[in-house]
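Here is the naming used below: chain letters follow the sequence lines, and residue numbers restart at 1 for every chain.
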Protein chains: 2
Amino acid sequence: MTQTEQRKNRLHEAFTRKGMRYTKQREQIYNILLDKRDHPTAEEIFLRARERMGSISFATVYNCLDTLVECDLVRQVHIDRESTRYCPNLSDHAHLHCPQTGEIHDITLPTDLLENIREQLPEDFTLGSVEILIRGTSHKAQNSKAS
Amino acid sequence: MTQTEQRKNRLHEAFTRKGMRYTKQREQIYNILLDKRDHPTAEEIFLRARERMGSISFATVYNCLDTLVECDLVRQVHIDRESTRYCPNLSDHAHLHCPQTGEIHDITLPTDLLENIREQLPEDFTLGSVEILIRGTSHKAQNSKAS
DNA sequence: CTAGGTGCAAAAGGTTTGCGGTTAA
DNA sequence: TTAACCGCAAACCTTTTGCACCTAG
């Protein structure tokens, strides 16, 4: 089985597990996110998808992205009130954001740091998730890890 | 000099320092934020302002809020793509957000935690600011500190 | 076959803008 | 006096929705 077929099967399973169907639009959009992990917006994804598929509607892009999020394949990234960005990296990570260039890079923080945050919470607080956004200027960010 | 007058002077200075004028709309909106530190949206601020002032326009609320942000008197708080919220707490703090109730509470994190994050950054990265959003359920959040 | 998905266009929701009248300094 | 500000309505931009047609299972 080729790697592409494997990915396809993995996707298929993720969808059917939630009672949802496998469609080529969903597959393509997921592939777009995996192929270039640059946290694109829905519009950027729409443009890339149209290049690959010839034609797709904006609403479908949003629908597919919602589905991917719901199936735990992709996460949304929110920075201020800018357009929502999408990220296929499911591991715990923070985001480095350079307002000048608009670039976003993933950065893995040590687990004890998250543990440290957890300790600060009130007793009656059940932790859901933690989002860490680090703003700053990257002077030569070429070698950052965009996992 | 009364406390109100002192606040007024402080505001006046903050505005003129940036070449901006002191207006009653700006003052009222700032007071609304100080009086109830519950991270209101522009719409909530608009409603409270109308109660106090009789009449004010939505655009003015946005304009005034922008001014207050620019004069470093107030900060924006972004949660997902929900309406922007406003916060007069300028000290370093994280936000606890309960998606069920919509409540937001400020929580002060130990300085060494922020130091710890700083250490994780790439060499070529000049830190701007850090935003930490902690999502979860507060089962009886009455006694949380909303500083 | 049919529930679920796609595509289109129209609507919604939050925020911004242009501009004539108003006001702080 | 006059540059800055307010208020209104209209525009803007991202995202969502309704509905007819299509398609995976």
In whole angstrom, give the distance that lies between atom [atom1] of [X] and atom [atom2] of [N].
X       : N      : atom1 : atom2 : result
A:Asp80 : C:dT15 : CG    : P     : 12 Å
A:Arg85 : D:dT15 : CZ    : C1'   : 16 Å
B:Glu44 : C:dT15 : CD    : C1'   : 16 Å
B:Glu82 : D:dT16 : CD    : P     : 12 Å
B:Leu65 : C:dG14 : CG    : C1'   : 13 Å
B:Phe15 : C:dA24 : CZ    : C1'   : 13 Å
A:Lys18 : D:dA24 : NZ    : C1'   : 20 Å
A:Lys8  : D:dG25 : NZ    : P     : 11 Å

Quick one: are [X] and [Y] in side-chain contact, heavy atoms under 4.5 Å?
X        : Y        : answer
B:Phe125 : A:His105 : no
A:Gln76  : A:Arg85  : no
B:Asp106 : B:His95  : yes
A:His93  : A:Cys87  : yes
B:Ile56  : B:Gln25  : yes

Fill in: Counterpart residues, side chain to side chain donor-acceptor pair (under 3.5 Å), relative to A:Arg21 (two or more places apart)
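Expected list: none.
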Fill in: With sequence neighbours excluded, residues passing side chain to side chain donor-acceptor pair (under 3.5 Å) with A:Asp66
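Applying side chain to side chain donor-acceptor pair (under 3.5 Å) to A:Asp66 gives none.
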Worksheet item: B:Thr84 near the nucleic acid: base, sugar-phosphate alone, or nothing, with a heavy-atom cut-off under 4.0 Å?
Response: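 Sugar-phosphate contact only - B:Thr84 comes under 4.0 Å of backbone atoms but never of a base.
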Worksheet item: Across the strands shown, which category fits A:Thr16 at heavy-atom distances under 4.0 angstrom: base, sugar-phosphate, nothing?
Response: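 Nothing, no heavy atom under 4.0 Å.
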Go through the structure and list residues passing side-chain contact (heavy atoms from CB on, under 4.5 Å) with [X], not counting sequence neighbours.
X       : value
B:Asn63 : none
B:Ser83 : B:Thr41
B:Ala14 : B:Leu73

Worksheet item: How would you list all residue pairs meeting salt bridge (Lys or Arg N to Asp or Glu O under 4.0 Å) that involve residues 40-49 of chain B, not counting sequence neighbours?
Response: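 Sorted pair list: B:Asp38-B:Arg48.
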Fill in: Pairs involving residues 71-80 of chain A, ordered by first then second residue, that meet salt bridge (Lys or Arg N to Asp or Glu O under 4.0 Å) (sequence neighbours left out)
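Those involving residues 71-80 of chain A are A:Lys18-A:Asp72, A:Asp80-A:Arg135.
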Discussion item. If the cut-off is 4.0 Å, is A:Tyr62 near the phosphate of D:dT15, judged by side-chain N/O to OP1 or OP2?
Written reply: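 It does, given that an N or O in the side chain of A:Tyr62 lies less than 4.0 Å from OP1 or OP2 of D:dT15.
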Practice prompt. Ignoring backbone atoms, establish whether A:His12 has a side-chain N or O less than 4.0 Å from OP1 or OP2 of D:dG25.
Written response: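 Answer is yes, contact under 4.0 Å.
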Practice prompt. Specify the residues of residues 71-78 of chain A, ordered by number, for which at least one heavy atom lies under 4.0 angstrom from an atom of DNA chain C.
Written response: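 Contacts with DNA chain C under 4.0 Å: none.
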Discussion item. With the threshold set at under 4.0 Å for non-hydrogen atoms, list the residues of residues 45-53 of chain B touching DNA chain C in residue-number order.
Written reply: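 Within residues 45-53 of chain B, no residue comes under 4.0 Å of DNA chain C.
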Practice prompt. Ignoring the backbone of B:Asp66, work out which of C:dT16, D:dG25, D:dT15 is nearest its side chain.
Written response: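 Nucleotide nearest to B:Asp66's side chain: C:dT16.
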Worksheet item: Which listed nucleotide (D:dT15, D:dA9, D:dG25) is nearest to the side chain of A:Phe58?
Response: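 It is D:dT15.
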Pull out every protein N or O sitting under 3.5 Å from an N or O of nucleotides 2-6 of chain C, one pair per line with the distance.
residue: C:dA3; atom: N3; partner: A:Arg21; partner atom: NH2; Å: 2.3
residue: C:dG4; atom: O4'; partner: A:Arg21; partner atom: NH2; Å: 3.4
residue: C:dG4; atom: N3; partner: A:Arg21; partner atom: NH1; Å: 3.4
residue: C:dG5; atom: OP1; partner: A:Arg26; partner atom: NH1; Å: 3.0
residue: C:dG5; atom: OP1; partner: A:Arg26; partner atom: NH2; Å: 2.9
residue: C:dT6; atom: OP1; partner: A:Thr23; partner atom: OG1; Å: 2.7
residue: C:dT6; atom: O3'; partner: A:Gln25; partner atom: NE2; Å: 3.1

Worksheet item: So what is the end-to-end bend of the helix from C:dC1-D:dG25 to C:dA25-D:dT1, with 5 pairs used at each end and the value given to 10 degrees?
Response: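 Between the axes fitted at each end of the helix from C:dC1-D:dG25 to C:dA25-D:dT1 lies an angle of 40°.
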Worksheet entry | Partner set under salt bridge (Lys or Arg N to Asp or Glu O under 4.0 Å) for A:Glu115, not counting sequence neighbours |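 So A:Glu115 forms a salt bridge (Lys or Arg N to Asp or Glu O under 4.0 Å) with A:Arg118.
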Worksheet item: If Ile, Leu, Val, Met, Phe, Trp and Tyr residues are connected whenever their side-chain heavy atoms lie under 4.5 Å apart, and connections chain through other members, are A:Phe46 and A:Tyr30 in the same group?
Response: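 Same cluster.
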